[in-house]
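So the structure is just underneath, and the comments pick up after that.
Counting begins at 1 with the first residue of the sequence. Only a predicted model underlies this, so the values are computations on that prediction, with no experimental measurement involved.
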Amino acid sequence: KEEYEMKRIICVILSASLALSLCACGKQEDSENTPTPQPNETVSPSAEPTQESDSLDALGKIEVEPNLFDVTLTIPAEYMDEDTTQEQLNEDAKQKGFKSVTLNEDGSATYIMTKAQHAEMIDGMKQSIDESLNDMVGSEDYPSIISIEANSDYTLYKVTLNTEEVGFYESFAVLGFYMYSGMYHVFNGTEVDNVSVQFISQSTGEIIEEANSKDMN
């Protein structure tokens, strides 16, 4: 279920922020999106989520190349609708105001946009991530989470709990935080050395547990 949520938000972010109708969110169980000029740290949770690890590996497949005036964004074929045509991409580029969109031979698509459009995309991505974090608070899946605070570049998450123990779903949610951070930095064309998640007791204000992406293989 957590895997579905993490993949779902990627599709939502791409469609909302990039305003692209290219994420095949209905394909298989879901789809995921994330770009990087150089692969960010790959995070693989300790137990069962092997498919989730594949999703994290895919974060490094998307390429962001900032130039003097433009930003080039290449989305891998696995995140594109199989029926996408160059004509559809041309129409997308025309509607969204992108400079160009090219359907590559391997099925990937390369978007060239202005830096202003890229900045707008990043702002939309941050808004979508923040909304997803807010949706987690007090939800059916995470009833013990009282609040989630993230810093501006999503390298630190403070998760306040109404319990003194970190449950299974809360522990598994760490992977989601890593994915949000990786996705943000990949699309932003920046690198991150570590993402820290602190679980804090509501009653004492002390850290119950802390997880760091740098400690994972």
Side-chain angles (χ1 to χ4, degrees), residues 4-43 54-132 152-155 176 178-192 195:
Y4 177 85
E5 175 62 20
M6 292 306 105
K7 288 186 176 183
R8 181 193 66 81
I9 188 58
I10 303 294
C11 291
V12 172
I13 288 174
L14 277 188
S15 58
S17 305
L18 273 173
L20 306 178
S21 56
L22 302 176
C23 295
C25 293
K27 182 168 59 176
Q28 297 176 347
E29 283 185 326
D30 0 69
S31 63
E32 181 139 13
N33 309 290
T34 325
T36 188
Q38 299 177 354
N40 279 24
E41 179 177 7
T42 299
V43 181
D54 294 340
S55 299
L56 284 165
D57 287 336
L59 289 177
K61 294 182 180 180
I62 299 178
E63 299 178 355
V64 176
E65 299 177 5
N67 298 314
L68 185 60
F69 300 107
D70 302 328
V71 174
T72 300
L73 174 66
T74 299
I75 300 178
E78 54 262 45
Y79 302 145
M80 302 290 297
D81 192 326
E82 294 179 357
D83 298 327
T84 298
T85 64
Q86 183 62 59
E87 289 72 20
Q88 291 173 330
L89 294 182
N90 291 341
E91 185 63 25
D92 272 341
K94 181 179 180 180
Q95 291 180 358
K96 316 307 183 199
F98 297 130
K99 291 199 169 183
S100 69
V101 187
T102 303
L103 182 63
N104 303 313
E105 292 184 1
D106 62 358
S108 64
T110 299
Y111 288 75
I112 298 180
M113 62 189 72
T114 65
K115 286 193 172 182
Q117 289 171 328
H118 182 253
E120 183 177 357
M121 179 197 73
I122 295 300
D123 288 342
M125 178 175 292
K126 295 184 69 170
Q127 180 178 350
S128 296
I129 292 175
D130 291 342
E131 289 175 354
S132 295
S152 60
D153 64 352
Y154 301 99
T155 55
Y178 291 166
M179 290 185 67
Y180 290 149
S181 300
M183 178 179 58
Y184 168 78
H185 283 278
V186 162
F187 274 100
N188 198 39
T190 53
E191 296 183 3
V192 58
V195 177

What residues form a side chain to side chain donor-acceptor pair (under 3.5 Å) with Q95, not counting sequence neighbours? E91
Go through the steps for L89 and M80 under the test side-chain contact (heavy atoms from CB on, under 4.5 Å), then give the verdict. CA-CA 11 Å; L89 294 182; M80 302 290 297; 4.3 Å; yes
Backbone N/O of V101 and side chain of Q86: donor-acceptor pair under 3.5 Å: yes
Test side chain to side chain donor-acceptor pair (under 3.5 Å) applied to T110 - qualifying residues, sequence neighbours left out: T74, N104
For a quick test of reading the model, state the closest non-hydrogen atom pair linking H185 to T155 and the distance between them. NE2-CG2, 3.8 Å
Set of side chain to side chain donor-acceptor pair (under 3.5 Å) partners for Q127, sequence neighbours left out: E131
Report the residues that fulfil side chain to side chain donor-acceptor pair (under 3.5 Å) with D106, sequence neighbours left out, ordered by chain and then residue number. S108
To the closest 0.5 Å, what do you measure between CE (M125) and CD1 (I129)? 6.5 Å
What's the shortest heavy-atom distance between S152 and Y184, and which atoms? O-OH, 4.3 Å
Going from CD on E87 to CG on L103, what distance comes out if it is rounded to the nearest 0.5 angstrom? 9.0 Å
Listed partners of I112 passing side chain to side chain contact (heavy atoms under 4.5 Å, CB included), at least two apart: D70, T72, K99, S100
If I compare all heavy atoms of Q117 with all of K96, which pair ends up nearest, and what's the gap? NE2-O, 3.6 Å
One should read off an interatomic distance between I122 CD1 and T190 OG1, to the nearest 0.5 angstrom, of 8.0 Å
Distance check, rounded to the nearest 0.5 Å: N188 atom CG versus M183 atom CE? 12.0 Å
Side chain proximity check, M121 to L73, heavy atoms < 4.5 angstrom: yes
Within the distance-only criterion (no hydrogens, no angle test), does the side chain of Y154 pair as donor or acceptor with the backbone N or O of K126 below 3.5 angstrom? yes
